[in-house]
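These notes are about the structure you will find just below.
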Amino acid sequence: MAGPGSRALVVDLIRSAGPISRVELVEATGLTQPTISNIVRRLIDDGVVRETGATVATGGKPRTLLVINSRSAYGVGIRVGADTLTCVVTDTRGGTIGRELVSAPPAEKPEDVVAQLASLYRDVTQGLGLSPQSVAGLAVVGPGPVDVARGRFLALPGLERWADLELGQALTAQLGVPVLVDSDAAAAAVGEFWGRQVSRERTFGCLYMNSGIGSGVVLDGALHRGASSNAGEIGHVSVVRDGARCRCGSRGCLELYAAPAALVDRARAIPNLANRLKIRPDDPDARAFDVLARAAIYGDGQARALVDESALLLADGAMTLANLWDLDTLVLAGPGFAVAGSLYVSEIRRRLAERAFSRKIHVVQVDLSSNPRDSAAIGGAALVLQGSVAPGHGPQVAATHA
């Protein structure tokens, strides 16, 4: 009998290469025809895969084609921001079927945090008419570090006092569905990989920028997690020797000089720039950075100089990722790229084309997420779907769909 790894492999191939026939799956996996037949039969019985009704003529018996059943299960992802919650629901192929953004000032009590998240989950899933049995699970994602095993954030902005709150366990008890707690950068990487139907044969990277800077790498269809599921913290690579002290305990970290909050602070320190751009003193960093980035796009010299400097530093980070992992593809995701993402993409493409270690062998494809703001929430949904329909490649999620 084939193990979970074989099932995950077959799901991955159908997801990325479908429509595909059983014969092609045998050729692509090296598994035997009876093994493929058994796996496909179970996937059809579980509702994960369906036959398209189309066939391919081969001169012999026509081959029936297989695709992922987009309605076999739904995943829910909630991204926790400084003062907002974004909830996204996706189908099995990664298509977004629902979204809600709500204001969520930092809660005073742990139970209020759980109540906010549970209420949002119920509002969205019930509003879409989803049965509890059709939901594979919920992933709550936010800035790291994250204790994935215990389902808790260690340094979530505004919730530092509740670092001991085992959020995953508390939400599972309230909602009756599997709940994962993970980092936003890791989730975005899986979401981009899953939604873009990227082949498992590609080494796929994601550079994520929101309040901080992180990254994720997908190898052989699975997120590389590291010893504690906190791999990819590229924002805490030192870029300035003996630079400013970071919250992580190090000095001169990349996010202290290239992340949105750093650029907003510098913009406010430049005489009259903030006033000219109508950045108010009480504006959250996220809104202020959007204003700054928009000014850079429209040709404001001072704003463009700040964004260009950030892009240069992030290009160094991207080159580090590309050289460490020999990436095929790098996607930029996160709210920090929502407005001026094209400027960052252009600089990173230029830097990798000129200096990447393997540039004479292959090009690193650099793209901007099609939905930078929601990429982490979408990725949270992808995390639970991957763990449900392709066990062995994602975190283990108990199947709840019919």
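- Residue F204 comes nearest to L327 through the heavy atom pair C-CD2, 4.1 Å, listed as atom of the first residue, atom of the second, then distance.
- Within the 4.5 Å cutoff, the side chain of D374 has heavy atoms near those of the N371 side chain.
- The side-chain hydrogen bond (donor to acceptor under 3.5 Å, both in side chains) search around E233 returns none, not counting sequence neighbours.
- A salt bridge links D367 with R349: the closest approach of a Lys/Arg side-chain nitrogen to an acidic carboxylate oxygen falls below 4.0 angstrom.
- A pairwise comparison of heavy atoms in V76 and C87 identifies CG1-SG, 3.7 Å as the closest pair.
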Original post:
Between T84 and S103, is a side-chain hydrogen bond (donor to acceptor under 3.5 Å, both in side chains) present by the stated rule, with each step listed?
Top reply: CA-CA 4 Å; T84 60; S103 175; over 6 Å; no

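- Looking at every heavy atom in both residues, P143 comes nearest to V80 through CD-O, 4.0 Å.
- Inter-residue side-chain proximity for L13 and T29 is flagged as met; some heavy-atom pair is nearer than 4.5 Å.
- For the pair E192/S375, a side-chain contact is recorded, criterion being any heavy-atom separation below 4.5 Å from C-beta on.
- Taking 4.5 Å as the limit, every side-chain heavy atom of L332 sits out of range of all side-chain heavy atoms of M209.
- When all heavy atoms of R251 and S238 are compared, the closest pair comes out as O-OG, 2.7 Å.
- The side-chain heavy atoms of L66 and P19, taken from C-beta on, include no pair separated by under 4.5 Å.
- Listed by first then second residue, pairs satisfying salt bridge (charged side-chain N to carboxylate O under 4.0 Å, His left out) with a partner in residues 19-36 read R22-E51, not counting sequence neighbours.
- The aromatic rings of W325 and H224 are tilted relative to each other, their planes meeting at an angle between 30° and 60°.
- The line from CG of L352 to OG of S358 is 10.5 Å long, rounded to the nearest 0.5 Å.
- A salt bridge does not link R304 with E309: none of the charged nitrogens is closer than 4.0 Å to a carboxylate oxygen.
- Annotation: cation-pi geometry satisfied between R15 and F193 (NZ/CZ under 6.0 angstrom from ring centroid, within 45° of ring axis).
- With sequence neighbours excluded, the residues satisfying side-chain hydrogen bond (donor to acceptor under 3.5 Å, both in side chains) with E347 are R350.
- Q169 places none of its side-chain heavy atoms less than 4.5 Å from the side chain of R150.
- Interatomic distance, Y74 OH to S131 OG, rounded to the nearest 0.5 Å: 8.5 Å.
- Here the side chains of S6 and I39 are in contact, with some heavy-atom distance below 4.5 Å.
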